[in-house]
Amino acid sequence: MASALLHRALTDPGTPPLRPLPERAAALLAELDAPPRLAAHLRAVHDVAHQLTGWVQRNHPGLPFDREATLFGAAVHDIGKTLHPAELSGPGSAHEEAGYRLLLTHGVPADLARFARTHATWAPADTGTEDLLVSLADKVWKAKRLPDLEQLVVNRLAAASGQQPWEAFLALDDHLEALAADADHRLAFQAAHPIAT
């Protein structure tokens, strides 16, 4: 059963308000009695992913990607930190494979569980657009900008829309700057929730 602190992290609206996690993701976090700080982090990244994918759909409708899969991926990408809680406040990548396996054991299909593995690596040529968008949301939620990752997204946007890469870059850059503007609020939301229950 989920603790009261986890419940608060999953339901506290935040300022500005953050969207709730997809029902399946929230239920899984409750079942695992996940650390409240993890739930808060996942909500922040999911909220950014929601805004980012909405922008992509509106501005680049020719880019094929699964928005629901992307949003679910953003909502569970760090779930392995329930098994590696030290990585909530410090570096480490053990949570990536652990999260993938954890999701599989809880009945999440491999095509959705993959986000636990792929959110920190985007170099392979077969990386999906959904994976890139989850990775991008996982960076920009705290106003971190990674040119290599952004260039991969720009290349997909330009190819799908027929724009010149510089045009796609300028539009994406403007949107990421707007998303990054709320980073302090999201960081404060995450920090307001404890690591331990």
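Sequential numbering from 1 along the given sequence is applied to the chain's residues.
- H50 and R19 are linked by a side-chain donor-acceptor pair at a separation below 3.5 angstrom, with hydrogens and angles left out of the test.
- For the atom pair CG of D78 and CG of L88, the computed distance is 8.0 Å after rounding to the nearest 0.5 Å.
- Nearest heavy atoms, D66 versus T70: O-OG1, 2.8 Å.
- Here the side chains of L52 and L179 are in contact, with some heavy-atom distance below 4.5 Å.
- In terms of heavy atoms, P194 sits closest to R8 at CD-NH2, 4.5 Å.
- L71 and V108 end up in different hydrophobic clusters when Ile, Leu, Val, Met, Phe, Trp and Tyr side chains are linked at under 4.5 Å.
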Inset, instruction - List the steps, then state whether side-chain contact (heavy atoms from CB on, under 4.5 Å) holds for H106 with L32. - result: CA-CA 10 Å; H106 284 273; L32 295 170; 3.6 Å; yes
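- To the nearest 0.5 Å, atom CG of residue L146 and atom NZ of residue K139 are 6.0 Å apart.
- Cluster membership check: F115 does not share its hydrophobic cluster with Y100, using side-chain heavy-atom separations under 4.5 Å among Ile, Leu, Val, Met, Phe, Trp and Tyr.
- Using modelled atom types, one finds no donor on one side chain facing an acceptor on the other under 3.5 Å when comparing E96 with H119.
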Legend entry - Stepwise side-chain contact (heavy atoms from CB on, under 4.5 Å) test for T118 and V134: CA-CA 9 Å; T118 64; V134 169; over 6 Å; no
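- Under the 3.5 Å distance criterion, the side-chain polar atoms of K81 are matched with a main-chain donor or acceptor of E87.
- Contact detail for A74 and A49: the closest heavy-atom pair is CB-CB, 3.6 Å.
- The backbone N or O of G54 sits nowhere less than 3.5 Å from a side-chain atom of Q57 that would complete a donor-acceptor pair.
- In this structure, H41 and W141 have perpendicular ring planes: the angle between them is above 60°, well past the 30° mark.
- In this structure the side chain of L152 never reaches within 4.5 angstrom of the side chain of R156, judged on heavy atoms.
- Ionic pairing of R114 and E130 is present here: one or more N-O contacts between side-chain nitrogen and carboxylate oxygen are shorter than 4.0 angstrom.
- Minimum heavy-atom separation, A34 to T82: CB-CG2, 3.6 Å.
- Residues F72 and L21 fail the side-chain proximity criterion, which asks for heavy atoms closer than 4.5 Å.
- Pairing each heavy atom of A183 with each of K142, the nearest pair is CB-C, 3.6 Å.
- To the nearest 0.5 Å, atom CD of residue Q163 and atom CG of residue L172 are 10.5 Å apart.
- Salt-bridge formation is detected for the pair D173/R145: a Lys NZ or Arg NE/NH1/NH2 atom is positioned less than 4.0 Å from an Asp or Glu carboxylate oxygen.
- One finds the CG atom of L38 at 12.5 Å from the NE2 atom of H84 (value rounded to the nearest 0.5 Å).
- Using a 4.5 Å heavy-atom threshold, the side chains of L112 and L103 count as separate.
- When side chains are defined from C-beta on, L157 counts as touching L63, because their heavy atoms get closer than 4.5 Å.
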Inset, instruction - Could you walk me through whether L42 and V76 pass the side-chain contact (heavy atoms from CB on, under 4.5 Å) test, one step at a time? - result: CA-CA 7 Å; L42 293 173; V76 299; 5.6 Å; no
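- For the pair T53 and L133, the minimum side-chain heavy-atom distance is below 4.5 Å.
- The distance from the CD atom of Q51 to the CG atom of L176 is 11.0 Å, given to the nearest 0.5 Å.
- In the hydrophobic clustering of this structure, V153 groups with V140; members are Ile, Leu, Val, Met, Phe, Trp, Tyr whose side-chain heavy atoms approach within less than 4.5 Å, directly or through other members.
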Inset, instruction - Report the C-alpha separation of Q190 and H185 in whole Å, then their side-chain angles, then the decisive distance to 0.1 Å, and conclude whether the side-chain contact (heavy atoms from CB on, under 4.5 Å) test is met. - result: CA-CA 9 Å; Q190 177 179 287; H185 296 289; over 6 Å; no
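- Shown here for L104 and A113, the closest heavy-atom pair between the two residues is CD2-CB, 4.0 Å.
- Considering CZ of R67 and CZ of F65, their distance stands at 6.5 Å, rounded to 0.5 Å.
- Looking at heavy atoms from C-beta onward, L5 lies out of side-chain contact with H193 at the 4.5 angstrom threshold.
- Side-chain contact check for S3 versus D33: some heavy-atom pair is nearer than 4.5 Å.
- No single ILVMFWY cluster, assembled from side-chain heavy atoms under 4.5 Å apart, contains both F189 and L10.
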